[in-house]
Undergrad: 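This structure is in structure tokens; I'll ask about it shortly.
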Amino acid sequence: MKALIEQLILTAARKAHQSGALPSDDFPAVVVEEPKSDAHGDFATNFAMLSAKPQKMAPRKIAQILLDQMENNHDQVAKVEIAGPGFINFFLNPTAWPPVVRQVLEQDETYGHSQLGRGQKIQIEFVSANPTGPLHVGHGRGAAVGDSVFNILKACGYQVHKEYYINDSGRQIQTLGRSVLLRARQLLGEEIVFPEDCYPGDYVKPIAQQVIDTKGADFVRHEDDATITYCARAAAQTIIAGIRDDLERFGITFDEWFSEQSLYDSGRVEQALEDLKARQVVYAQDGAWWFRTTDYGDEKDRVVVRQNGQTTYFASDIAYHHNKFQRGFERVIDVWGADHHGYIPRMTAAVEAAGWRRDQFQVILVQLVALLRGGQPVAMGKRSGEFVTLRDVIDEVGRDAARFIFLTRDYESPLDFDLEVAKQQTNDNPVYYVQYVHARIASILRKAQEQGVKEVRWQAAAGARLTETEEINLIKALDRYPQVMESAAQTLAPHRITFYLMQLAGLFHAYYNKHRVLTEQSDLTQARLCLVAAVQKVIRNGLGILGVGAPEQM
RNA sequence: GCGCCUGUAGCUCAGCUGGAUAGAGCAACGGACUUCUAAUCCGUAGGCCGGGGGUUCGACUCCCUCCAGGCGCGCCA
């Protein structure tokens, strides 16, 4: 509907220019918005105001010229008027709205999809938690955001690939191996003071037991590199399997699990470093190799190969990101925890130094999550050895509530996740508010069937009976869904879908309480059944984007 | 000290990349179930958009500055 108004304005402007009424053909981008106040019509544009400068004319005068060109030859538009400093307000004919319902019903699960992305290849990487322990709530937020952004981009015609990067190399993993080894020896009765830098969590114990069971007690008595490496690999494997399991339970699967170690094994890290050397952006100093990231806006240069010859984490990350682009992705999106924001400049440098544009690399910085129970903070952190895992949260509050809550906030703002609130089935916890709409409509449809309604089919004549204010409001909201989706894709903002759904749900509940769908008049009943069926589809589609289920009953 | 994020109703947050009189939920108060699910709805009340400057027809939105909170500033990952 909005597109129609945009066309109307642009056409009028062109005609006005051709007839000489407007001197310039330097038109601003047509921006059509939906005014907050009904008094300002269904749609409004500031086109005339923005044209004031290029046309060297008063905004209201330009508006009048455009109006003259529009005539009133469009049956969807009832009235056009000039208001305030030069807004042009459009009032639509009430009959313009009902056909939207038909469109929703026809497009069904593809309603809201678009070709915005034109098949652009995007890689999105998220979670990528180190395999040194189970996932916590912070990872859950990143997972919910990443997966939802993936869904949005996919729906908007991008070719998206989602990936989990496994940090299965480096010192951290060795530390994990040592932790397992020491735990194993403790299990065998040895008195060992557990070192500060090792992982104290309970999840290490079963892994240690498993090593003892498969390799025997003698194996773990030797603390040599081979033994540690074995323990590390075994632990990482087990933990990754657990992570994968938790994510699946959270409704998330990846197209690819990408191993850091594989970058070393295939020589890609070395290759990436050679590339940087060839491009003369690395230099040797103090026995280490430095990447001149300051050339690309970083505040200091960064080490890629340490004095001791070992590469840094940054080095493999460079290799990984180069690899992403080499695989043909035109855009790369990383979802990181806010505590990693300091790495953006150097990663951007790495992308740019290798010849890609900096705007091809985007980082979604997800702010931290504070876990609460009844308003009181729950102790977190791996070092404390005891923490609430993502799995605990899913088990306690449910997958749908958890995912929805993670997306009820812009990811740029910090989130308090209160377990008590998440369990409550009140409006403090709007997931049920939205799901309830779906269930309610399902119930109406069941009831209709019981009453002998064979099918729900759109018919224009009957559709014209949708004239109640609440019905028009609902249809307008349905009409807006594709735009919300596109704006969510453009700004990578899944929470817009969440808020849209809450608003749509509110409109439906208001309608439901005021009007009956199943009436004595069969054509009116048909029209209303079509309307609510359309609402149900949009709710289902939207919840699907968020990774939340749409129940038939509650 | 420097960088990033945040600051909007008592609380939790939106505000559609600069639009008209700043919105929603919770909490408070008052109402609505013989009806398709009351996990719902209707109404009332609630504001110096952290402070101060600037940009312009117009600023919660953009720029500068100050204040407050969170996070980050390793040859760690």
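Just so it is clear: chains get the letters A, B, ... in the order the sequence lines come, proteins before strands, and each one is counted from 1.
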Undergrad: Taking only the side-chain nitrogens and oxygens of A/Arg440, find out if one of them lies under 4.0 Å from OP1 or OP2 of B/A39.
TA: no
Undergrad: A/Arg302 has an atom CZ; how far is it from atom P of B/G3, in whole Å?
TA: 15 Å
Undergrad: Given atom CD of A/Gln553 and atom P of B/C36, what is their separation to the nearest angstrom?
TA: 15 Å
Undergrad: B/G1 C1' sits how many Å from A/Lys300 NZ, rounded?
TA: 15 Å
Undergrad: NA contact type, A/Ala448, heavy-atom cut-off 4.0 Å: base, sugar-phosphate, or nothing?
TA: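 Nothing, no heavy atom under 4.0 Å.
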Undergrad: Among A/Phe314, A/Phe258, A/Phe361, which residue meets the ring-ring contact (aromatic ring centres under 6.0 Å, His included) test with A/His321?
TA: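 It is A/Phe361; the other options fail the test.
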Undergrad: Looking across every strand, which nucleic acid part, if any, lies under 4.0 Å from A/Ala39 by heavy atom: base, sugar-phosphate, or nothing?
TA: nothing
Undergrad: Give me the distances for all protein-to-nucleotides 17-19 of chain B N/O pairs that come in under 3.5 Å?
TA:
residue	atom	partner	partner atom	Å
B/G19	O2'	A/Glu33	OE2	3.3
B/G19	N7	A/Asn46	ND2	2.8

Undergrad: Going by heavy atoms closer than 4.0 Å, what residues in residues 510-517 of chain A are next to RNA chain B?
TA: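 Close to the strand are A/Ala510, A/Tyr512, A/Asn513, A/His515, A/Arg516, A/Val517.
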Undergrad: Counting the atoms with a prime plus P, OP1 and OP2 as sugar-phosphate, which does A/Arg496 contact under 4.0 Å by heavy atoms, base, sugar-phosphate, or nothing?
TA: sugar-phosphate
Undergrad: Does B/C60 fall in syn (glycosidic angle within 90° of 0) or anti?
TA: anti
Undergrad: Which parts of residues 405-413 of chain A get close to RNA chain B, meaning a heavy atom less than 4.0 angstrom away?
TA: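 The answer is A/Thr408, A/Arg409, A/Asp410, A/Glu412, A/Ser413.
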Undergrad: Is atom NZ of A/Lys277 surrounded by more than 12 heavy atoms (other residues, nucleotides or ligands) closer than 6.0 Å?
TA: yes
Undergrad: Which nucleotide in the set B/C36, B/A14, B/C75 lies at the smallest distance from any side-chain heavy atom of A/Phe499?
TA: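 Nearest listed nucleotide: B/A14.
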Undergrad: Which residues in residues 52-67 of chain A have at least one heavy atom lying under 4.0 Å from any atom of RNA chain B?
TA: none
Undergrad: Partners of A/Thr525 by side-chain hydrogen bond (donor to acceptor under 3.5 Å, both in side chains), sequence neighbours excluded?
TA: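 Per chain and number, A/Thr525 pairs via side-chain hydrogen bond (donor to acceptor under 3.5 Å, both in side chains) with A/Thr519.
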Undergrad: Quick test: give all pairs of protein nitrogen or oxygen and nucleotides 25-29 of chain B nitrogen or oxygen below 3.5 Å, distance rounded to 0.1 Å.
TA:
residue	atom	partner	partner atom	Å
B/G25	O3'	A/Asn427	ND2	3.4
B/G25	O2'	A/Asn427	O	2.8
B/C26	OP1	A/Asn427	ND2	3.1
B/C26	O2'	A/Asp428	OD2	3.4

Undergrad: What is the per-nucleotide protein-contact pattern of nucleotides 67-72 of chain B, from the 5' end, where B denotes a base atom under 4.0 Å from a protein heavy atom, S denotes such proximity for sugar-phosphate atoms only, and - denotes neither?
TA: ----BS
Undergrad: Where are the stems of RNA chain B, defined as at least 3 consecutive Watson-Crick or wobble G-U pairs with both distances under 3.5 Å?
TA: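 Output for stems: B:1-7 with B:67-73, B:10-13 with B:23-26, B:28-32 with B:40-44, B:50-54 with B:62-66.
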Undergrad: Report the residues that fulfil side-chain hydrogen bond (donor to acceptor under 3.5 Å, both in side chains) with A/Arg60, sequence neighbours left out, ordered by chain and then residue number.
TA: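 Here no residue qualifies.
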Undergrad: Please report the shortest heavy-atom distance between A/Ser128 and A/Asn167, naming the atom on each side.
TA: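 Smallest interatomic distance, heavy atoms only, reads O-OD1, 3.9 Å.
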Undergrad: Run the side-chain donor-acceptor check on residues 27-35 of chain A: report pairs under 3.5 Å with partners two or more places apart or on a different chain.
TA:
residue	atom	partner	partner atom	Å
A/Glu34	OE1	A/Arg480	NE	2.8

Undergrad: Where is the tightest heavy-atom contact between A/Ile239 and A/Tyr203, given as atom of each residue plus distance?
TA: CD1-CE1, 4.1 Å
Undergrad: If you compare every side-chain N and O of A/Tyr436 against the phosphate oxygens of B/A39 (OP1, OP2), does one of them come in below 4.0 Å?
TA: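 Looking at the OP1 and OP2 atoms of B/A39, one of them is under 4.0 Å from a side-chain N or O of A/Tyr436.
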Undergrad: Rounding to an integer number of Å, can you tell me how far A/Ile441 CD1 sits from B/U40 P?
TA: 15 Å
Undergrad: List in chain and number order the residues that pass salt bridge (charged side-chain N to carboxylate O under 4.0 Å, His left out) with A/Lys53, two or more places apart in sequence or in another chain; answer none if no residue qualifies.
TA: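 With sequence neighbours excluded, A/Lys53 shows a salt bridge (charged side-chain N to carboxylate O under 4.0 Å, His left out) to no residue whatsoever.
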Undergrad: Which atom pair, heavy atoms only, marks the closest approach of A/His322 to A/Ala350?
TA: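 Smallest interatomic distance, heavy atoms only, reads NE2-O, 3.1 Å.
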Undergrad: Mind telling me whether B/U55 is syn or anti, cutoff 90° either side of 0?
TA: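 That one's anti.
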Undergrad: Could you state the atom-to-atom distance from CG of A/Asn473 to C1' of B/C42 in whole Å?
TA: 15 Å
Undergrad: Applying side-chain hydrogen bond (donor to acceptor under 3.5 Å, both in side chains), name anything that partners A/Ser51, two or more places apart in sequence or on another chain.
TA: none
